[in-house]
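Structure record follows, encoded as structure tokens.
Protein chains get the first letters and strands the later ones, always in sequence-line order, with residue 1 at the start of each.
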Number of protein chains: 2
Amino acid sequence: MDGRDVSAASGVTIYEVARRAGVSIATVSRALRGTGPVAGATRERVLRAVEELRFTPSRAGVSLAEGRHAANGIVFPNLSGPYFAEVLIGYEEVTSELGRSVVILSTKGRDLSTKERGLSVKGRRLSAHGPDLSLNEPGLPGQGHDAIRDLVRELAGRVDGLVVFGSTVPDDVIDELVASRLPLVLISHAERPGAVTLRSENVSSARALATHLLGHGYRTFAFLGAPYATGDDVDLRWQGVHEVLGDAVQPVLTAEYTVESGYEAALRLLGTRDRPEAVICSDDEVALGAILAAEELGLSVPDDVAVTGWDDIMAARHARPALTTVRQPMRELGARAARALDELIAGASLEDSHRTLDTELIIRSSCGQHPHEPHLQELNPQELNRQARHAEESHPR
Amino acid sequence: MDGRDVSAASGVTIYEVARRAGVSIATVSRALRGTGPVAGATRERVLRAVEELRFTPSRAGVSLAEGRHAANGIVFPNLSGPYFAEVLIGYEEVTSELGRSVVILSTKGRDLSTKERGLSVKGRRLSAHGPDLSLNEPGLPGQGHDAIRDLVRELAGRVDGLVVFGSTVPDDVIDELVASRLPLVLISHAERPGAVTLRSENVSSARALATHLLGHGYRTFAFLGAPYATGDDVDLRWQGVHEVLGDAVQPVLTAEYTVESGYEAALRLLGTRDRPEAVICSDDEVALGAILAAEELGLSVPDDVAVTGWDDIMAARHARPALTTVRQPMRELGARAARALDELIAGASLEDSHRTLDTELIIRSSCGQHPHEPHLQELNPQELNRQARHAEESHPR
DNA sequence: TTGTACGCGTTATCAC
DNA sequence: GTGATAACGCGTACAA
């Protein structure tokens, strides 16, 4: 407990350096950060003293004096699975390139509690069936809510700006952050006045995907996923799909966005005689689970049932059958969020900027043999002409 | 650039709260942190003022005054692939539970440059063949080295302690950290005086794995991996394998520990007529790549060639064939590192503590039909009795 | 070119 | 129970 050394754990202060170099602390500071003039000889002495004493400026001292942290934060729900990790990679890379540290916060299973979960169908909401969706230990309502609020406040206090994934932080906490004028970028969150939002496109990609499946001749569908809040990615994907397929698609909820959850839900869904011809999954991990379930049930994908994913994670290409999916630029999402945040911090008033990144429909074999385009046209001409952008196995990056 | 508000971006200071509540800043501080006595009525007024002004103590001010950051750091090479992400999950969870923030630093492709890469065979080193292993843009030697040093110093300056993965930070930088008396935990790094190290067991697990494969009757082997520094995990795995198999195992280097790298290297390795009967991979991702390569070449796994991995990532269980591997407790590794670091920060002098976590040999189908134990015994009795701990598909966690 | 002195926002030690 | 006030380590006008 001699921990009174916030200065890089070395305890050496600028005063000691100054004394050793025979100058004032102002000169040391100038010599070190190149602000203001310093005579060559003086600089030499200072640098030598710094070297000998292994001086590193105390981060807390610098932050206090500079009025900034030189650190940015990011809030995500978890790191299991490739999606958030990929976004984080892009975010960390750019942020660190900009000379700022990265502070992370995972909200894990902490419940937002005030939200109702389900899929919205034209205003109404379908409640979840299947396993109990309360992933948390039973407790007072709002418990996780308050815990998250505290954690986010703590984080907000030590960074110059924050990136927050949709559905990880209660909206009133978001509002609080906006009100505090903390530079804020929301990823995959409904647009919000005062905050910059960024996401990959969902609705029209979903329409294109659904249309493609119609072209295969499928007529009964299930949408497999665990949607959370209105306006989040999966909710939008559902909307796009539902728009094209109407009552032909049936929503089925999983507990989480994981392989295991997808497997379990698909096992139930495909175990019945009136199983759908195609299962559109909220994301690749759920889809991989669905493929496993089909295999378990002795069903062939895509002959007995077609399966599609979303994201185009690494495993999607390596799955058997290779997974038809919608590729979204995960790393770029993180990278762009980092840059937008940096601009905000620099003072840019790009508030109320809402950017959407393009996606790409990746047709592989899990949705069946690819019919000729002309055939597709017969089914839904105008829809197809507007959207469908495909790519056969064009390598990412 | 009105950024002079390091206090949670709100700009409200303890002085304003004090004035509004009609008390001194000392009382505000006491009321807020429960140190020292405060009259009930006074406390009420203070708390109300805090609420009304939305006051949050400036993190920089607190850090300076308290002499600590309430944040811990972690340095890893990258986040692509499940391994480091899983360790980070465990680390973040415990650290955040302990009330501390998590600052991350990814060294990415930055080269340590002074290291020679290869596999050590009884003192000698085999240089890498295959693709050029310099993953970086050509540059001055030591360039990445210095970049990492600066980044690590920066990180070290804003945390109370650091967890560092082996082979991500040059040894002299590690020594510098140790010398600065910054609480430090090294994961999968050779033991180092003054630093706590933590890792999963490698050598004897590798021996058990090799022994198991011998039991299958295989007689020619390849060890597929991209070893980096002496004493890192893969180096130890190689040592264990080599100890049992001797000249029957041939080391083959990949460019990275990724599916792609494993695929490419395995494609070359298995494309020849004298391909090994079994490929022992440094980790699951490389192994998944090897399986893909075999498939590409029309070879059956395990009938034509056996493949094993290491780690037991999620995909290992779902691969086809399911991957025989060595399970290591990735999340627990991160969690334990966090706890050890916390103890160090709290003042515990568990320096020179070197803990090794147990692993578990997971036999699945990628190494062939499982022969009866008695048969194994005939081959290498004493070796087996000492080590082999198997488990058939016992679910992790 | 260099030094002095103040401010950054808290915590904590004393007196009162 | 409460209030001055001295650290904490650094950046930077301003003066010299």
Side-chain angles (χ1 to χ4, degrees), chain A residues 1-46 49-50 53-70 154 157-158 160, chain B residues 1-46 49-50 53-70 154 157-158 160:
Chain A
M1 197 60 94
D2 75 88
R4 188 135 294 273
D5 48 16
V6 94
S7 63
S10 64
V12 180
T13 76
I14 199 174
Y15 286 94
E16 310 178 38
V17 176
R19 191 174 335 128
R20 178 158 191 132
V23 297
S24 75
I25 64 164
T27 301
V28 174
S29 181
R30 279 187 294 252
L32 245 41
R33 31 180 39 223
T35 163
V38 175
T42 314
R43 149 169 289 113
E44 288 304 313
R45 267 184 300 142
V46 170
V50 165
L53 269 46
R54 300 193 168 293
F55 168 71
T56 309
S58 151
R59 184 62 241 181
V62 173
S63 288
L64 201 52
E66 275 190 326
R68 61 180 217 124
H69 298 281
E154 157 73 23
R158 59 170 76 237
D160 302 322
Chain B
M1 197 58 98
D2 73 271
R4 188 135 293 273
D5 48 17
V6 94
S7 63
S10 64
V12 181
T13 76
I14 198 174
Y15 285 94
E16 310 179 37
V17 175
R19 192 175 334 129
R20 178 160 192 129
V23 298
S24 75
I25 62 166
T27 301
V28 175
S29 182
R30 276 188 295 250
L32 246 41
R33 33 179 39 222
T35 160
V38 175
T42 315
R43 149 169 290 113
E44 289 304 313
R45 267 184 301 143
V46 170
V50 165
L53 269 46
R54 300 193 167 290
F55 169 71
T56 309
S58 150
R59 184 60 241 181
V62 174
S63 289
L64 197 53
E66 276 191 326
R68 63 181 216 120
H69 298 281
E154 157 73 23
R158 59 170 76 237
D160 301 322

Whole-Å distance, A:L64 CG to D:dA7 P, equals 17 Å
In terms of heavy-atom contacts, B:T27 and B:T42 come closest through CG2-CG2, 3.8 Å
So, does A:S29 get its side chain near the phosphate of D:dG11, meaning an N or O under 4.0 Å from OP1 or OP2? yes
Whole-Å gap separating P (C:dG9) and NE2 (B:H69): 18 Å
Expressed as a whole number of angstroms, how long is the span from A:E44:CD to C:dT1:P? 15 Å
If you look only at pairs with a residue in residues 14-24 of chain A, which of them pass as a salt bridge (charged side-chain N to carboxylate O under 4.0 Å, His left out), with sequence neighbours excluded? A:R20-A:E52
Donor-acceptor contact present, side-chain B:H69 to main-chain B:G157, <3.5 Å: yes
Calculate, to the nearest 0.5 Å, the distance between atoms CG and OG belonging to B:L64 and A:S63 respectively. 9.5 Å
In this structure, how many angstroms lie between the C1' atom of C:dT13 and the CD atom of B:E66, rounded? 16 Å
Please pick, from D:dC10, C:dG9, C:dT11, the nucleotide with the shortest atom-to-atom distance to any side-chain atom of A:P57. D:dC10
Output the rounded distance in Å from CG (A:L32) to P (D:dG9). 17 Å
With sequence neighbours left out, what residues match B:I25 under side chain to side chain contact (heavy atoms under 4.5 Å, CB included)? B:I14, B:Y15, B:A18
Value in whole Å for how far the P atom of D:dG9 lies from CZ of A:R33: 17 Å
Would you please name every residue forming a side chain to side chain contact (heavy atoms under 4.5 Å, CB included) with A:A70, sequence neighbours left out? A:R59, A:R68, B:R158
Please list, chain by chain and in numerical order, all residues satisfying salt bridge (charged side-chain N to carboxylate O under 4.0 Å, His left out) with A:R43, sequence neighbours excluded. none
Tabulated below should be each protein N or O lying under 3.5 Å from an N or O of nucleotides 1-4 of chain D; please produce it.
from, atom 1, to, atom 2, distance (Å)
D:dT2, OP1, B:T42, OG1, 2.5
D:dT2, OP2, B:A39, N, 2.7
D:dT2, OP2, B:T42, OG1, 3.3
D:dG3, OP2, B:S24, N, 3.1
D:dG3, OP2, B:S24, OG, 3.4
D:dG3, OP2, B:T27, OG1, 2.8
D:dG3, N7, B:R30, NH2, 3.0
D:dG3, O6, B:R30, NH1, 3.1

Kindly write out the residues that satisfy salt bridge (charged side-chain N to carboxylate O under 4.0 Å, His left out) with B:R45, not counting sequence neighbours, or none if the list is empty. none
B:R68 CZ to D:dG9 C1', in whole Å, measures 18 Å
Please report, rounded to the nearest Å, how far the C1' atom of D:dC8 is from the CD1 atom of A:I14. 14 Å
With sequence neighbours excluded, tell me which residues meet salt bridge (charged side-chain N to carboxylate O under 4.0 Å, His left out) with B:R33. B:E66
Double-helix bend of the helix from C:dT1-D:dA16 to C:dC16-D:dG1, axes at both ends from 5 pairs, round to 10°, gives 40°
